[in-house]
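In the text below, chain A, chain B and the rest are named by the order of the sequence lines, each starting its count at 1.
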Amino acid sequence: GVVYNVLIDGFAKRGDMGEANRLFEEMLEKGCVPTVFTYNSLLSGFSRKGELGRVQRLFKDMIRQGCVPNIFTFNNLLDGFCKVGDMVEAHRLFLEMRGLGCPPDVVSYNTLIRGMCYKGKPHEAQRLLREMAKSGIGPDVMSYNILIDGYSKYGAVDHAIKLFYEISKSGLQPSAFSYSTIIDCLCRAGKAGAGLVVFKDMVAAGGVPDAAVVIPLLIGLCRNDKLTEACELFHEMMRFQCVPPIPEYNVLMYKLCKAKRSDDVCLVFHELTERGFSPD
RNA sequence: ACACCUUCGAUAUUCU
């Protein structure tokens, strides 16, 4: 039984719902009883794919089999509605959850906030953030990350920046996601210099930058012809053994060539080959 | 008994 659960969850996470479903049927044939875990894994997979019909059918099956849904189940359903943009149903379920014995938790809120942002309504989403603080469910870093990304995609850079700094003020630690989101936001807005400042803050605070932090920054700096800074960043990356894909290095080297900074080009090239990367 | 389930980020650019 557990083995099936683990396998089904694995395939569901990889998005292979055909195989997940096949295992589910095989499991039933063998007389294994699916648990709430089994259903939750399947619900999660179908939700992510936006297959709301299957989600609802599966949920009905689950109830019919006498399987008791838990908070994970409802959050999966919530995500299902949000993924297809049905915020009316999402809200309805959200309000019903308490009466069903599963009051909304931080994940429920985050899911709803994400749904609102996806609809292009970050301001309404922010109201939810305030509401959760009031109702005793502290927003977590993810709540902020989602909203920052929402504002970023909405083009409200100032709001995004403000929220980013609110993370620390509220006693939370910005995560790598927080940094990559705000840095990407700044770079897209043509403020790669400001992005670099945030990057340095991150490193100073002991954060370990990953590819999602560095790639937008490197591209942004190159685009703004801040090549000295881009080189600096490149060396920093090497220090962290951060390994973005080859095209990003090519851009940097190309820009350096154009600027006739052959010394820097050689430095970059040597560092790459020395560390065992093969520039193409 | 334990374990398995839910929510967040980048790849706009180079060699033409």
Q: Not counting sequence neighbours, list each pair that qualifies as a ring pair (Phe, Tyr, Trp, His ring centres under 6.0 Å) and has a residue in residues 51-92 of chain A.
A: none
Q.
For G9(B), does the base pair up with any side-chain atom of T181(A) as donor and acceptor (N or O, under 3.5 Å, distance only)?
A. no
Q) Just checking G10(A): base, sugar-phosphate only, or nothing, at a heavy-atom cut-off of under 4.0 Å? A) nothing
Q | Residue pairs passing the salt bridge (Lys or Arg N to Asp or Glu O under 4.0 Å) test where at least one lies in residues 85-106 of chain A, sequence neighbours excluded | A | E89(A)-R92(A), R92(A)-E96(A)
Q. Taking only residues at least two apart or on different chains, which pairs with a member in residues 219-229 of chain A satisfy salt bridge (Lys or Arg N to Asp or Glu O under 4.0 Å)?
A. D225(A)-K255(A)
Would you list the protein and nucleotides 13-15 of chain B atom pairs, both N or O, that sit under 3.5 Å from each other?
unit_1, atom_1, unit_2, atom_2, d
U13(B), O4, E248(A), OE2, 3.3
U14(B), O2, N250(A), ND2, 3.2

Q | Non-neighbouring partners of H123(A) that pass side chain to side chain donor-acceptor pair (under 3.5 Å), sequence neighbours left out | A | none
**Q.** Length of the line joining D105(A):CG and C8(B):C1', which is rounded to integer Å
**A.** 15 Å
Q) With sequence neighbours left out, what residues match F199(A) under ring pair (Phe, Tyr, Trp, His ring centres under 6.0 Å)? A) none
Q.
With no hydrogens and no angle check, just 3.5 Å: does a side-chain donor-acceptor pair link S47(A) and N76(A)?
A. no
**Q.** Sorted by number, the residues of residues 136-156 of chain A with heavy-atom contact under 4.0 Å to RNA chain B
**A.** M142(A), N145(A), I146(A), D149(A), K153(A)
Q. To the nearest angstrom, how far is L217(A) atom CG from A10(B) atom P?
A. 15 Å
Q) To the nearest angstrom, how far is I215(A) atom CD1 from G9(B) atom P? A) 15 Å
**Q.** With sequence neighbours excluded, residues passing ring pair (Phe, Tyr, Trp, His ring centres under 6.0 Å) with Y144(A)
**A.** none
Q: Supply the members, apart from V2(A), of the Ile/Leu/Val/Met/Phe/Trp/Tyr cluster built from side-chain contacts under 4.5 Å; use none for a lone residue.
A: V6(A)
Q. Within this structure, what is the CZ-to-C1' distance between F164(A) and G9(B), rounded to whole angstrom?
A. 12 Å
**Q.** Sequence-distant partners of F24(A), ring pair (Phe, Tyr, Trp, His ring centres under 6.0 Å), two or more places apart
**A.** Y39(A)
Q) When you measure from every atom of RNA chain B, which of residues 39-71 of chain A have a heavy atom less than 4.0 Å away? A) N40(A), S41(A), S44(A), R48(A)
Q: Check the distance between A10(B)'s C1' and L233(A)'s CG and give it to me in whole angstrom.
A: 13 Å
(Q) Show every salt bridge (Lys or Arg N to Asp or Glu O under 4.0 Å) that has at least one partner inside residues 156-172 of chain A, sequence neighbours left out. (A) R130(A)-E166(A)
Q) Hey, does D9(A) reach any base, or is it just sugar-phosphate, or nothing, if we go heavy atoms under 4.0 Å? A) sugar-phosphate
Q.
Less than 3.5 Å apart, any donor N or O on the side chain of D9(A) or N40(A) sitting next to an acceptor on the other?
A. no
Q) Does N76(A) get its side chain close enough to the base of U6(B), under 3.5 Å, for a donor-acceptor pair? A) no
Q: Could you work out which one of A10(B), C5(B), A3(B) sits closest to the side chain of R188(A)?
A: A10(B)
